[in-house]
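For reference, positions follow the sequence shown, starting with 1.
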Amino acid sequence: MSKRSSLSVSVRRHFVDHFFLSHSQILKGKKVIDIGGKKKGKRGFFDIGHCSSDVTYVNIDRTTDPDIVADATSVPLPESSCDVVILGEVLEHVPDPIVVLKEAHRLLRPGGAVLVTVPFIYPVHADPHDFGRYTEYYWRSAAEKLGFKIEIERQGGFFAILALMVQHFFRAKGISWQPIQNPLVNFFMYLDRRTTAPLFKYWTTGYGIILTK
């Protein structure tokens with residue numbers, strides 16, 4: 001972690017970037033709508049623009065230079081406008097995620113996909129508001145209600161959460177202490193990759209979700 005990476009930004013961002021990178025083939029050559037995405041001031045290292053040349057950014061924050069300034073619940077585009085909708089770390093910031101997913105379903109062409117990342121065990125963070133954390137069972141129920149097929153990936157387990165807490169401990173102190181922090185984070189992430197105990201796997205930083213229309 002000596003050079004800047006997704007993991008050095010945060011453990012959570014590491015999993016978010018990895019999810020989009022590992023499923024980048026879904027985006028290649030497709031028409032994409034990134035709801036809540038940032039054209040400017042991206043938090044992570046994954047750039048959708050490297051996979052698709054046809055990306056429309058929708059955001060309520062004008063400083064991110066969106067193509068469309070609009071709420072996630074009501075995007076001013078016609079039905080079947082795209083092949084892929086991106087909802088990266090967005091749904092925790094809306095009062096009713098199902099309304100946003102319904103809008104994504106409307107925007108998708110048949111056979112299209114929604115790529116979603118959402119935190120679970122993660123600090124409350126205003127952007128501008130933070131409304132909820134939802135379990136895997138909630139997302140499966142929402143998918144069934146809206147007519148989506150669903151795949152869910154848990155993003156890290158018990159030890160990944162410990163690594164995330166280490167990062168937040170040092171940030172709360174306003175110091176980096178990299179010679180201590182980095183080895184601790186790397187050690188916990190190593191344990192997280194190695195563990196197979198179900199009890200540890202039930203803990204997670206969040207979910208990566210693929211919804212197919």
Side-chain angles (χ1 to χ4, degrees), residues 1-24 26-27 34-38 40-48 59 61 64 72 85-94 97 100-101 114-139 150-178 180-195 200-211:
M1 280 174 41
S2 58
K3 65 178 183 178
R4 187 170 165 80
S5 65
S6 293
L7 186 57
S8 67
V9 173
S10 80
V11 169
R12 179 70 199 139
R13 182 53 55 180
H14 164 76
F15 286 114
V16 171
D17 277 358
H18 181 266
F19 174 78
F20 287 116
L21 182 62
S22 63
H23 297 292
S24 60
I26 295 174
L27 301 165
D34 188 351
I35 299 177
K38 299 175 184 285
K40 290 183 178 178
K42 294 181 185 293
R43 293 192 178 116
F45 287 79
F46 178 76
D47 188 344
I48 300 168
N59 206 305
D61 183 356
T64 65
V85 172
I86 301 292
L87 288 165
E89 306 294 90
V90 170
L91 293 178
E92 72 273 23
H93 296 295
V94 299
V100 177
L101 291 176
V114 188
L115 298 184
V116 179
T117 63
V118 284
F120 186 62
I121 299 179
Y122 190 79
V124 173
H125 55 292
D127 192 18
H129 307 291
D130 190 347
F131 288 99
R133 302 289 183 270
Y134 305 91
T135 67
E136 180 176 336
Y137 305 102
Y138 174 89
W139 298 116
I150 186 170
E151 300 173 46
I152 297 183
E153 302 173 7
R154 290 178 185 167
Q155 296 177 315
F158 179 83
F159 291 107
I161 292 166
L162 289 181
L164 180 64
M165 292 175 73
V166 166
Q167 288 182 327
H168 279 257
F169 171 80
F170 282 98
R171 286 171 189 168
K173 294 294 185 181
I175 53 179
S176 66
W177 280 5
Q178 289 189 12
I180 298 175
Q181 179 184 174
N182 291 356
L184 276 174
V185 169
N186 287 327
F187 176 64
F188 285 133
M189 291 298 285
Y190 167 78
L191 291 179
D192 194 69
R193 291 189 298 270
R194 299 283 294 178
T195 187
F200 287 151
K201 289 295 184 182
Y202 287 137
W203 297 75
T204 185
T205 72
Y207 302 100
I209 304 170
I210 302 174
L211 299 167

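Judged purely by atom type and a 3.5 angstrom limit, Q167 uses its side chain to pair as donor or acceptor with the backbone of L7. D17 places no side-chain N or O within 3.5 Å of a backbone atom of S6 that could act as its donor or acceptor partner. In terms of modelled atom types and a separation under 3.5 Å, the side chain of N186 and the main chain of N182 share a donor-acceptor contact. The backbone N or O of D61 sits less than 3.5 Å from a side-chain atom of N59, completing a donor-acceptor pair. Within the 3.5 Å criterion, the main-chain N or O of V16 finds no donor-acceptor partner in the side chain of H18.
With rounding to the nearest 0.5 angstrom, the OG1 atom of T204 is 7.0 Å from the CZ atom of R154. Taken to the nearest 0.5 Å, the CG atom of L162 stands 9.0 Å off from the CZ atom of F200. Annotation: the span from R12 atom CZ to H125 atom NE2 amounts to 9.0 Å, rounded to 0.5 Å. One distance of note links OH of Y137 with CD1 of I152; it measures 10.0 Å at 0.5 Å rounding. Between the CZ atom in R194 and the CZ atom in F159 there is a gap of 12.5 Å [rounded to 0.5 Å].
Other residues, nucleotides and ligands contribute more than 12 heavy atoms inside 6.0 Å of the CZ atom of F131. Within a 6.0 Å radius of NE2 in H93, more than 12 heavy atoms belonging to other residues, nucleotides or ligands are found.
Scanning all heavy atoms of the two residues, the minimum distance from Y122 to L164 falls at CD1-CD2, 3.6 Å. Shortest non-hydrogen contact noted between R133 and F120 is CD-O, 3.0 Å. In plain terms, the two heavy atoms of P128 and A126 that are nearest each other are O-CB, 3.1 Å. Taking all atoms of both residues into account, the shortest heavy-atom contact from K201 to T195 is CE-O, 3.2 Å. Considering all non-hydrogen atoms of both residues, P97 and L91 come closest at CG-O, 3.7 Å. Scanning all heavy atoms of the two residues, the minimum distance from G88 to T117 falls at CA-OG1, 3.4 Å.
For the pair R171 and S10, the minimum side-chain heavy-atom distance is below 4.5 Å. In this structure, the side chains of L87 and L101 come closer than 4.5 Å at one or more pairs of heavy atoms. By the 4.5 Å heavy-atom criterion applied to side chains, L27 and I86 are counted as neighbours. Residues I35 and V85 meet the side-chain proximity criterion, which asks for heavy atoms closer than 4.5 Å. Proximity of F188 to I161: side-chain heavy atoms (C-beta onward) are nowhere separated by under 4.5 Å. Residues Y207 and P119 have side chains not in contact (no heavy-atom distance under 4.5 Å, counting atoms from C-beta outward). Counting heavy atoms from C-beta on, the side chains of F20 and L115 come closer than 4.5 Å. Annotation: side chain of F158 is not in contact with side chain of L191 (no heavy-atom distance under 4.5 Å).
Comment: R13 does not engage E89 in a salt bridge, judged by the lack of any side-chain N to carboxylate O separation of less than 4.0 angstrom.
With hydrogens and angles left out, the side-chain atoms of T205 and Q155 include no donor and acceptor closer than 3.5 Å. Remark: the E153 side chain and the H23 side chain contain an N/O donor-acceptor pair separated by less than 3.5 Å.
Taking the side chain to side chain donor-acceptor pair (under 3.5 Å) definition, one finds that K40 meets it with nothing, sequence neighbours left out.
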Could you check V118 against Y134 for side-chain contact (heavy atoms from CB on, under 4.5 Å), going step by step and ending with a plain yes or no?
CA-CA 8 Å; V118 284; Y134 305 91; over 6 Å; no

Tell me, with the steps shown, if I209 and F19 meet side-chain contact (heavy atoms from CB on, under 4.5 Å).
CA-CA 9 Å; I209 304 170; F19 174 78; 5.7 Å; no

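Under the 30°/60° scheme for interplanar angles, the aromatic rings of F187 and Y190 are found to lie parallel.
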